[in-house]
There are 2 protein chains.
Amino acid sequence: MKPPDDPPADSRAETPEAPPGASASGLSPKAARTRAHILETALRVLRERGYEGATMRLIAEEAGVAVGSAYYYFPSKDHLIQGFYAQLHVDHLAAVGPLLEGSKSLDERLAAVMRTKFETAAPYHGFSGALFKTAADPDSPLSPFSADSGPTRDESKALFRSVVDGAGLRKRSPLHAKLHELLWLYQMGLILYWIHDRSPGQERSYRLVDRTVPIVCRLVRLASNPLLTPVVKPALALMEEFCGPAPRAHGGSEPGTSPS
Amino acid sequence: MKPPDDPPADSRAETPEAPPGASASGLSPKAARTRAHILETALRVLRERGYEGATMRLIAEEAGVAVGSAYYYFPSKDHLIQGFYAQLHVDHLAAVGPLLEGSKSLDERLAAVMRTKFETAAPYHGFSGALFKTAADPDSPLSPFSADSGPTRDESKALFRSVVDGAGLRKRSPLHAKLHELLWLYQMGLILYWIHDRSPGQERSYRLVDRTVPIVCRLVRLASNPLLTPVVKPALALMEEFCGPAPRAHGGSEPGTSPS
DNA sequence: GTTCAGATTTGAACGCGTTCAAAATGAAGC
DNA sequence: GCTTCATTTTGAACGCGTTCAAATCTGAAC
């Protein structure tokens, strides 16, 4: 029914009497309970049956409501599934937190973050591809670059900021201020590899971490060398232009490689 | 820009008595004609109606066959759409060819390749997201890392090899042998940005090319400096391990390809 | 208690990609 | 001509995500 070039798909026009699709606030207690119950059921079914097995009909049936009710609270299956990402991020944070306590080197901190990321997501590797598929769609609310996933994305970047800040780095380098963005992008690339990784236990992904982390960190340390100034300086200016000053109001934002 | 009656460009040979889903060879003349006709119609409808508007039913109707016939020749809509990529690549090659004739600098050659890439794909930017969505799925035959898209991927990498070879580069650097792989990856990142780019005419993507190409090329030239050896050498060794020995047939950055 | 305008819930229905048993066609031997 | 067999074609049917007009419920105002 939709003509091409459809308008922006709204996402969140959170006026006070907005439809309950976006968040839990502004709902009657009963409605909030129904919404939460549907979401819980959806995540459970997703765990049990995978992405394709978790049909809207099944979720609704298990939750004891009609399919229409699920769509009353969540604009689409994708929105419903987005809770999955948030949960994954929370689990990941809980897992890395202790490992980042001690003030270790950047190498150790980076490797710890990525390894725990893989470990946390391992149970869902089987259908990570299906998830990534919808996440890659620029129009999907699950896209790591979409407005809808902004909070999750920011939290993820904040993690990398703490990774950088906690490492004993010479704060002299102007790279320091943007490093967490670059590491976030690096993480995206690793996740992209992990998603495609069919080796047993995704062992190749772990190996890729072990082999790339030292290179990345060596590069970071080298960046302050004057020889690299003609590369580092314009690169930082570039980031300033493209990521720095919140560009357009529109959804399109920055490049990258995969979801969180 | 509108070659509706192009030859299928199916130069690659499939196993002789393979099922008709894979390629055009090994079919009775009539069957081959039917297959080609369905493919042509599909690409035309795709151009006219976009990805979502090009339903299998519509394609079949316009081709004058039943939907089942389309599925007899093509395992899925994705496989059918794959011809689109091949056509795009052919158009791109025709567009860059002349620009690469003169032996210009690496900067010019790289920028020319990417700009023509964007120009060639511009008419389809509207539904590139929908295409990319299915392409991102590791299980999809449209994934740039999948076995099904191996030929197209290899051709694309060959283009970057010619970009590197044609530039007046000091062949001394061991980076030289792997550079085309890295540039292919760089291209992937740029395309990802382009897909998400909502600026008018994708002008930001062009700007991103103009600003990143000099940085990339400066980095390439710097790579032979001894100071960077501790980064370049392990990086190349890493590529050797992950892309080099080709654990399976196609030499992508993908690990083992046995389907789960 | 009655009314009535929301908020909430329902489930049949739509169009999609895909499947598959059955029908139609073609080729080869008689 | 007829029979036999594989190749090709068909279209109804399935399950999916999604939509929506109608039904039901809720609670404030009377």
Side-chain angles (χ1 to χ4, degrees), chain A residues 1-3 6 9 15-21 24-38 42 45-46 49-61 63-82 127 130-131 133-134 137 139-142, chain B residues 16-21 24 26-38 41-42 45-46 49-61 63-82 127 130-131 133-134 137 139-142:
Chain A
M1 288 272 290
K2 306 185 125 187
D6 217 21
T15 51
E17 65 278 40
S25 41
L27 291 180
S28 78
K30 179 162 178 279
R33 228 179 310 122
T34 307
R35 198 192 116 101
H37 180 229
I38 292 174
V45 174
L46 189 71
R49 320 282 280 245
Y51 183 80
E52 310 203 331
T55 71
M56 290 300 281
R57 275 168 244 270
L58 180 59
I59 291 171
E61 186 186 359
V65 299
V67 287
S69 287
Y71 279 94
Y72 180 72
Y73 290 104
F74 301 92
S76 73
K77 183 180 178 180
D78 288 350
H79 278 87
L80 190 43
I81 298 303
Q82 204 169 8
F127 58 95
L131 280 177
K133 169 178 173 166
T134 83
D137 183 357
D139 299 327
S140 164
L142 265 73
Chain B
E17 62 277 48
L27 291 179
S28 78
K30 175 159 181 281
R33 229 179 309 122
T34 306
R35 197 192 116 101
H37 180 230
I38 292 174
T41 307
V45 174
L46 189 71
R49 321 282 281 243
Y51 183 80
E52 309 201 333
T55 70
M56 290 300 282
R57 275 169 246 267
L58 181 58
I59 291 171
E61 186 186 357
V65 300
V67 285
S69 287
Y71 279 95
Y72 179 72
Y73 290 104
F74 301 92
S76 74
K77 183 180 177 180
D78 289 349
H79 279 87
L80 190 43
I81 298 301
Q82 205 169 7
F127 58 95
L131 279 177
K133 170 178 172 166
T134 81
D137 183 358
D139 298 327
S140 163
L142 266 75

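Here the structure is a predicted model, which is why all the values come from computation and not from measurement. Residue numbers start from 1 in every chain, and the chains themselves are labelled A, B, ... in the order their sequence lines are given, proteins ahead of strands.
An OP1 or OP2 oxygen of D/dT9 is reached within less than 4.0 angstrom by a side-chain nitrogen or oxygen of B/Lys30. Of the side-chain N and O atoms in A/Tyr73, one or more sit less than 4.0 angstrom from OP1 or OP2 of C/dT9. Within the 4.0 Å cut-off from OP1 or OP2 of C/dT8, at least one side-chain nitrogen or oxygen of A/Tyr72 is found. One finds a side-chain N or O of B/Thr34 lying less than 4.0 angstrom from the OP1 or OP2 phosphate oxygen of D/dT9. Residue B/Lys77 places no side-chain N or O under 4.0 Å from the OP1 or OP2 atom of C/dT19.
We find that OH of A/Tyr71 is positioned 18 Å from P of C/dA13, with the value rounded to whole Å. As rounded to whole Å, 14 Å separates atom C1' of C/dG17 from atom NE2 of B/His79. Between A/Phe74 atom CZ and D/dT19 atom P there is a gap of 15 Å when expressed in whole angstrom units. Look at CD on B/Glu61: it is 17 Å from C1' on D/dT9, rounded to the nearest Å. Rounded to a whole Å, the CE atom of B/Met56 is 15 Å from the C1' atom of C/dG15. Atom pair A/Ile38:CD1 and C/dT8:P shows a separation of 12 Å (rounding to whole Å applied). Between the CZ atom of A/Arg33 and the C1' atom of C/dT8 there is a distance of 13 Å, rounded to whole Å.
At a threshold of 4.5 Å between non-hydrogen side-chain atoms, the residues A/Tyr51 and A/Lys77 count as touching. Between A/Met56 and A/Leu80, the closest side-chain pair of non-hydrogen atoms falls below 4.5 Å. A heavy-atom distance below 4.5 Å is not found between the side chains of A/Tyr72 and A/Arg35.
In summary, of the residues considered (B/Ile38, B/Ile59, B/Ile81), a side chain to side chain contact (heavy atoms under 4.5 Å, CB included) with B/Phe74 occurs for B/Ile38 alone.
Side-chain contact, A/His79 with A/Ser76: a donor N or O sits under 3.5 Å from an acceptor N or O.
Comparing B/Tyr51 and A/Ala70 by the nucleotide of DNA chain C that holds the closest heavy atom to each, the one mapping nearer the 5' end is A/Ala70. With the nearest nucleotide of DNA chain D identified for both A/Glu52 and B/Ala31, B/Ala31 has the one nearer the 5' end.
In this structure, of D/dG11, D/dT18, C/dG17, it is D/dT18 that holds the atom nearest to the side chain of A/Ser76. For A/Arg57, counting side-chain heavy atoms from C-beta on, the closest listed nucleotide (D/dA12, C/dG11, C/dA13) is C/dA13.
Using a 4.0 Å heavy-atom cutoff across all strands shown, B/Ser69 reaches at least one base atom of the nucleic acid.
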